[in-house]
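Inspection log for the structure reproduced underneath, given as structure tokens.
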2 protein chains.
Amino acid sequence: MAMTPAQALKLWHDVALSRVLADGPDLSERQIAILLSIYLDPPPHTVRGLAARLNVTKPVITRALDTMGAEGLVTRKRDPADRRNVIIQRTVKGALFVDELADLILEKSAPARAGAPS
Amino acid sequence: MAMTPAQALKLWHDVALSRVLADGPDLSERQIAILLSIYLDPPPHTVRGLAARLNVTKPVITRALDTMGAEGLVTRKRDPADRRNVIIQRTVKGALFVDELADLILEKSAPARAGAPS
DNA sequence: TCATTTTGTTTCGCGGCCGAAACGGCGCAG
DNA sequence: CTGCGCCGTTTCGGCCGCGAAACAAAATGA
């Protein structure tokens, strides 16, 4: 997985452009970082943990979870062991969104392959 | 330049995370797309052209240029030939920003190389 | 029991971005 | 010269995210 600076920039541009053109939920860069942390890092995920990981305040995480929760990308659940904690959980829709993002990146990194997937 | 879906997502996550942690100007995804279009597509660039390319309204471009212009990433100049047009020009600072983004992507795509570049 | 700490949420004031529409400057055809 | 169309900007009302601080609920320890 080697690439030139020009290739890297073109990849970033193409993906950003596709995401702007698409009419899906337009998440900020922070929200993207939060969402991918949830889906890539091993659980459990808490508000406090995510805030520390991104070096942002807790309300930022709460608001992002509100927005993405309304989109159905994540879910919140009280921790039964310590009811102060909130466990952030993945959803089918969120996993689908992440998969589509991965597909988009791969598509833009390997342009003009023959058989376009459905 | 081949990668697995997991690698693609990790790359996107790491770059987004680095950009969130960094204290540089935090641009929206639209602004990133506009900036990279300016720096990757051949000039000249006009408000109308960028609006059509991103399929957004013209005020979106004007506002993005206001913001990025205040950051010194782009400049506007009247077209002397047709004074209705505005030519968007690149700046040294903008080129530097784009280069740093490319470096970041490359760094995150080739993790843990031995000699870290200065 | 009760004060203290921890966790996540909410409130507050502020600023930025949004789309639609109105606006002013400019070119062009007649 | 004059009316019409194009280009970019500005205005309008509204929505969303921000950080700091106040807040409610739950656990902890004496």
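All of these numbers come straight from a predicted model, not from anything done at the bench. The sequence lines fix the lettering, A, B, ..., with proteins before strands; numbering per chain opens at 1.
Residue B:Leu96 is not grouped with residue B:Leu101 when hydrophobic side chains (ILVMFWY) are merged at heavy-atom distances under 4.5 angstrom, including chains of intermediate members.
Distance CD1/B:Ile88 to CD1/B:Ile61: 8.0 Å, rounded to 0.5 Å.
Nucleic acid contact class of A:Val60 (heavy atoms, under 4.0 Å, all strands): sugar-phosphate only. B:Thr67 comes within contact range of the sugar-phosphate backbone alone, with a heavy-atom separation under 4.0 Å but no base atom that close.
We find that A:Lys10 and A:Asp14 are joined by a salt bridge, their nearest charged nitrogen and carboxylate oxygen being less than 4.0 Å apart. Between A:Asp66 and A:Arg76 a salt bridge is recorded (basic side-chain N to carboxylate O distance below 4.0 Å). Between B:Arg53 and B:Asp41 there is a salt bridge, since a side-chain N of the basic residue sits under 4.0 Å from a carboxylate O of the acidic one.
Distance, B:Arg83 CZ to C:dC28 P: 13 Å, rounded to whole Å. Look at CG on A:Leu54: it is 11 Å from P on D:dC18, rounded to the nearest Å. Taking atom CG of B:Leu27 as the reference point, atom P of D:dC18 lies 15 Å away to the nearest angstrom. Taking atom NZ on A:Lys77 and atom C1' on C:dT7, their separation rounds to 17 Å, with Å as the unit. In this entry the distance linking CD1 of B:Ile88 with P of D:dG8 reads 7 Å, nearest Å.
Of the side-chain N and O atoms in A:Arg30, none sit less than 4.0 angstrom from OP1 or OP2 of D:dC16. In terms of phosphate contacts, B:Thr57 brings no side-chain nitrogen or oxygen within less than 4.0 Å of OP1 or OP2 of C:dA20. At least one side-chain nitrogen or oxygen of A:Gln31 sits closer than 4.0 Å to the OP1 or OP2 atom of D:dG17.
For residues 8-48 of chain B, the set of pairs meeting the ring-ring contact (aromatic ring centres under 6.0 Å, His included) definition, not counting sequence neighbours, comprises A:Trp12-B:Trp12.
With sequence neighbours left out, the salt bridge (Lys or Arg N to Asp or Glu O under 4.0 Å) criterion links A:Arg30 to no other residue.
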Enumerate all atom pairs, one protein N or O and one N or O from nucleotides 8-11 of chain C, separated by less than 3.5 Å.
{"from": "C:dG8", "atom 1": "OP1", "to": "A:Val86", "atom 2": "N", "distance (Å)": "3.4"}
{"from": "C:dG8", "atom 1": "OP2", "to": "A:Arg48", "atom 2": "N", "distance (Å)": "2.9"}
{"from": "C:dG8", "atom 1": "N7", "to": "A:Lys58", "atom 2": "NZ", "distance (Å)": "2.8"}
{"from": "C:dT9", "atom 1": "OP1", "to": "A:Arg76", "atom 2": "NH1", "distance (Å)": "2.9"}
{"from": "C:dT9", "atom 1": "OP2", "to": "A:Thr62", "atom 2": "OG1", "distance (Å)": "2.8"}
{"from": "C:dT9", "atom 1": "OP2", "to": "A:Arg76", "atom 2": "NH1", "distance (Å)": "3.4"}

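Picking from D:dA27, C:dA20, D:dG17 the nucleotide with the shortest atom distance to the side chain of A:Asp82 gives D:dA27.
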